[in-house]
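Worksheet: the structure to be examined is printed underneath.
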Amino acid sequence: MLTLYQIRNNTEEIIKKLSVRNKDFSEPVYEAIKIDDERREIKGKSDLILAESNKLAKSIGQLFKEGKQAEANQAKEKAISLKEEVKKLARKLNETENKLLQVLSEIPNIPNELVPEGKSDTDNEEIRNGGVIPKLNKKIPHWELADKYDLIDFELGNKITGAGFPVYKGKGAKLQRALINFFLEEAEKAGFTEIMPPLVINEDSGFGTGQLPDKEGQMYQITEDKLFLIPTAEVPLTNIYRNVILKAEDFPIKLTAYSSCFRREAGSYGKDVRGLNRLHQFDKVEIVQIQHPDKSYKTLDEMVVYVESLVQKLELPYRIVRLCGGDLGFTSALTYDFEVYSAGQDKWLEVSSVSNFESFQANRLKLRFKETGEKQTKLAHTLNGSALALPRIVAALLENNYTENGIKIPGVLQKFTKFDFIN
RNA sequence: GGAGAGAUGGCAGAGUGGUCGAAUGCGGCGGUCUUGAAAACCGUUGUACCGAAAGGUACCGGGGGUUCGAAUCCCUCUCUCUCCGCCA
């Protein structure tokens with residue numbers, strides 16, 4: 001959520017920057033300012049009356065003590081009529097505040113100036129790439145390889161739960177565990193503190209990182225207890241700092257967590273959902289940073305370099321793209337997507353998304369900090385990225401490393417898998 | 001799941017209808033003293049909103065109510081603790 005301070009002080013500039021998202025947001029922006037004007041007026045009036053009735057209430061006590069019954073009763077009547085007025089205003093103020101919140105939550109984050117214009121993912125800008133696209137004699141998609149070597153059983157998942165909940169078996173399961181351990185160990189080396197968070201969150205947490213109110217359809221719900229299964233560890237990790245006031249010297253805060261992630265993926269269909277390409281439950285190691293506003297973009301670049309080091313160590317061909325305005329997530333100011341080439345399907349698969357949210361999440365979270373020696377609070381910047389999501393990495397590893405003799409395990413993983421070949 | 005107790009500032013903890021945004025202690029910050037530190041002493045120390053400012057308003061777990069007036073009384077929700085039951 002943008003702050004009113006941002007909107008009121010740079011109105012024209014913000015509308016112009018938002019237009020990079022391929023949509024005109026002038027209406028909600030002006031609407032927000034209009035409602036805020038109303039809000040201020042009502043608040044001013046209401047405070048004035050409250051001040052008067054507070055004074056009156058104090059005097060009534062005094063008058064009773066002095067035995068001035070008649071005067072006291074007169075003051076009482078006045079106080080009652082003031083109270084009715086305040087009640088009306090309070091109701092109006094509440095309505096106005098709710099309306100304001102609603103309009104504000106329709107306005108997405110302001111794209112950074114690096115965000116290219118564009119409508120869809122085809123307009124994303126490739127920043128750099130690396131690795132070598134393998135030349136295979138035979139292109140076999142991972143679901144066939146998974147079946148051939150009995151690594152992943154999709155049918156069994158259907159039986160136990162439903163589509164999108166695969167069962168990993170034997171070396172398939174060990175490969176999962178190896179990747180998780182590899183990613184966590186790398187994160188630790190890079191200075192991230194490992195967290196093992198709850199996999200279930202409440203409404204406040206969902207609101208804090210922006211999943212609620214409008215994206216609840218993407219989460220699995222436990223309606224009886226008003227809880228949600230996490231779509232990503234970003235939610236519990238970032239919410240650790242909900243309603244927190246930090247000191248400037250606390251920055252940067254670097255957290256990492258492995259978690260299962262649950263997504264309903266309503267509306268997905270076709271070959272996109274084949275095999276491991278799109279699942280309802282998958283595993284991911286997430287990295288989160290909370291940083292001083294002056295340093296968040298430097299941090300974003302560092303996170304990109306870090307994620308890049310992971311795909312390089314796994315020897316996967318990759319490319320990094322900067323998302324264009326039309327593809328940029330609602331809450332993000334700048335996002336880099338990582339894609340790895342999966343040779344069996346002959347496709348680029350998105351395996352990570354690294355974003356700077358600036359103060360957009362922090363505003364909802366009420367995540368603030370104070371500069372040393374200053375009293376005033378400011379909003380912190382939040383960033384996060386996948387490092388990495390497992391399924392598509394597994395898909396690429398299986399497909400790219402397939403040989404006549406089996407599937408080769410990358411060197412960095414062998415210490416965790418304890419085997420170097422799947423055959 | 002059953003019975004009971006509780007939720008107050010960074011922490012501990014007073015306050016049961018008016019002078020309470022809240023005693024006191026600890027902690028934090030600033031200062032005096034000191035070569036430096038400790039101790040002692042003095043001062044200071046929540047957040048948000050309205051206002052150009054002066055100043056005002058709200059907040060004692062959340063929401064609602066009673067009252068001229070609520071941290072204090074009532075309702076409700078959430079959470080914590082103790083005991084019993086069940087249990088990885």
Side-chain angles (χ1 to χ4, degrees), chain A residues 1-9 32-104 196-208 212-213 221-228 236 239-250 253 359 361-380:
Chain A
M1 203 161 66
L2 295 179
T3 62
L4 282 161
Y5 181 85
Q6 289 173 298
I7 290 174
R8 296 194 77 110
N9 285 287
I33 292 173
K34 203 184 109 202
I35 297 170
D36 188 47
D37 285 338
E38 275 172 50
R39 184 192 126 256
R40 289 179 184 206
E41 200 192 319
I42 299 167
K43 167 92 168 122
K45 269 191 205 167
S46 155
D47 280 1
L48 224 60
I49 298 171
L50 276 171
E52 201 183 335
S53 73
N54 281 347
K55 233 185 266 170
L56 211 55
K58 270 181 198 171
S59 77
I60 290 170
Q62 195 58 38
L63 287 170
F64 271 124
K65 254 182 217 166
E66 292 166 9
K68 295 175 181 165
Q69 291 287 340
E71 271 180 65
N73 284 329
Q74 214 179 348
K76 253 193 192 183
E77 268 172 49
K78 177 92 198 282
I80 291 170
S81 78
L82 283 179
K83 197 188 157 189
E84 272 166 25
E85 243 177 291
V86 168
K87 248 190 182 168
K88 257 187 250 166
L89 284 173
R91 217 173 299 134
K92 223 164 122 190
L93 186 63
N94 200 276
E95 270 170 37
T96 312
E97 277 169 352
N98 286 339
K99 221 161 63 179
L100 184 58
L101 189 68
Q102 209 183 329
V103 173
L104 281 176
M196 197 177 261
L199 305 181
V200 171
I201 49 143
N202 60 25
E203 284 182 292
D204 285 347
S205 296
F207 180 82
L212 295 176
Q221 303 193 27
I222 304 162
T223 47
E224 197 174 344
D225 299 298
K226 283 190 187 153
L227 298 171
F228 303 83
N239 271 282
I240 291 174
Y241 289 91
R242 169 155 49 86
N243 272 324
V244 168
I245 300 174
L246 298 162
K247 296 184 210 122
E249 59 260 37
D250 294 333
I253 288 167
S359 62
Q361 283 184 331
N363 188 30
R364 283 198 173 200
L365 290 160
K366 294 200 169 59
L367 164 49
R368 292 154 294 173
F369 73 99
K370 285 182 188 175
E371 301 281 10
T372 319
E374 279 184 26
K375 275 197 133 183
Q376 187 207 350
T377 62
K378 295 183 196 166
L379 292 171

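Lettering follows sequence order; numbering is per chain, from 1.
- With values rounded to the nearest 0.5 angstrom, A:Glu97 atom CD is found 9.0 Å from A:Ile42 atom CD1.
- Counting non-hydrogen atoms under 4.0 angstrom, A:Asn73 reaches nothing in the nucleic acid.
- Checked for salt-bridge contact, A:Lys378 and A:Glu371 meet the test: a charged N lies under 4.0 Å from a carboxylate O.
- Summarising the geometry, the separation between CG on A:Leu82 and C1' on B:rU57 is reported as 15 Å, rounded to the nearest angstrom.
- A salt bridge links A:Arg8 with A:Asp37: the closest approach of a Lys/Arg side-chain nitrogen to an acidic carboxylate oxygen falls below 4.0 angstrom.
- The C1' atoms of B:rG25 and B:rG9 are separated by 14 Å, rounded to the nearest whole Å.
- When each of B:rC68, B:rU19, B:rU57 is scored by its nearest atom to the side-chain atoms of A:Lys58, the top-ranked nucleotide is B:rU19.
- Taking atom C1' on both nucleotides, B:rG56 is separated from B:rG21 by 14 Å, rounded to a whole Å.
- Put simply, OG1 on A:Thr96 and CD on A:Glu41 are 10.0 Å apart, with the number rounded to the nearest 0.5 Å.
- A:Ala57 comes within 4.0 angstrom of a base, heavy atoms only.
- Between the A:Ser359 side chain and the A:Ala362 main chain, no donor and acceptor come within less than 3.5 Å of each other.
- Dashed line: the shortest gap from a side-chain N or O of A:Asn54 to OP1 or OP2 of B:rA58 is under 4.0 Å.
- From A:Leu367, atom CG reaches atom CD1 of A:Ile240 across 11.5 Å, with rounding to the nearest 0.5 Å.
- When the C1' atom of B:rC68 is taken as reference, atom CD of A:Glu71 falls 15 Å away, rounded to whole Å.
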Can you give the dot-bracket line for RNA chain B, using ( ) for pairs inside the strand, [ ] for pairs that cross earlier ones, | for pairs with another strand and . for unpaired bases, where Watson-Crick and G-U count if both distances are under 3.5 Å?
((((((((.[[[..)..(.....]]]((((((.......))))))(((((....))))).[[[[[..)....]]]]])))))))....
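- A side chain to side chain contact (heavy atoms under 4.5 Å, CB included) with A:Leu93 holds for exactly one of A:Glu38, A:Lys43, A:Lys88, A:Lys45; it is A:Lys43.
- Separating the P atom of B:rG46 from that of B:rG51 is a span of 23 Å, rounded to the nearest Å.
- Going from atom CD1 of A:Ile80 over to atom P of B:rU67 covers 9 Å, rounded to whole Å.
- Comparing B:rG69, B:rA48, B:rG46 by their closest approach to the side chain of A:Lys375 singles out B:rG46.
- With rounding to whole Å, A:Lys43 atom NZ is found 8 Å from B:rA58 atom P.
- Residue A:Gln221 qualifies as enclosed at atom CD: its count of foreign heavy atoms under 6.0 Å is above 12.
- Here A:Ala75 lies out of heavy-atom contact (under 4.0 Å) with every strand.
- In this structure, the nucleotide among B:rU47, B:rG56, B:rC50 sitting nearest to the side chain of A:Arg39 is B:rC50.
- If you check every strand for non-hydrogen atoms under 4.0 Å, A:Lys247 touches nothing.
- We find that OH of A:Tyr5 is positioned 16 Å from C1' of B:rC49, with the value rounded to whole Å.
- Separation of the P atoms belonging to B:rU32 and B:rG69 is 50 Å when rounded to the nearest angstrom.
- Comparing the C1' positions of B:rG13 and B:rC60 gives an interatomic distance of 13 Å, to the nearest angstrom.
- Spacing between atom CG of A:Leu100 and atom P of B:rC50 amounts to 10 Å, rounded to whole angstrom units.
- When each of A:Asn94, A:Ile49, A:Leu48 is paired with A:Leu89, the side chain to side chain contact (heavy atoms under 4.5 Å, CB included) condition holds for A:Ile49 and for no other.
- For the segment residues 88-99 of chain A, no residue has any heavy atom less than 4.0 angstrom from an atom of RNA chain B.
- The separation of B:rA52 from B:rG61, taken at their P atoms, amounts to 34 Å, rounded to a whole angstrom.
- Within a 6.0 Å sphere centred on CD of A:Glu77, other residues, nucleotides and ligands contribute 12 heavy atoms or fewer.
- You'll find the side chain of A:Arg39 reaches within 4.5 Å of the side chain of A:Leu4, heavy atoms only.
- Between the C1' atoms of B:rU34 and B:rG55, the separation comes to 43 Å (whole Å).
- As rounded to the nearest Å, B:rA70 and B:rU16 have C1' atoms that lie 11 Å from one another.
- Within 4.0 Å of A:Thr377, counting heavy atoms only, lie sugar-phosphate atoms of the nucleic acid but no base atom.
- Straight-line distance from the CG atom of A:Asn363 to the C1' atom of B:rA48: 13 Å, rounded to whole Å.
- Mapping A:Ala79 and A:Arg368 onto RNA chain B via the closest heavy atom, the residue that lands nearer the 5' end is A:Arg368.
- For A:Ser53 and A:Lys370, each mapped to the nucleotide of RNA chain B holding its nearest heavy atom, the one lying further toward the 5' end belongs to A:Lys370.
- For the pair A:Lys83 NZ and B:rC68 C1', the computed distance is 8 Å after rounding to whole Å.
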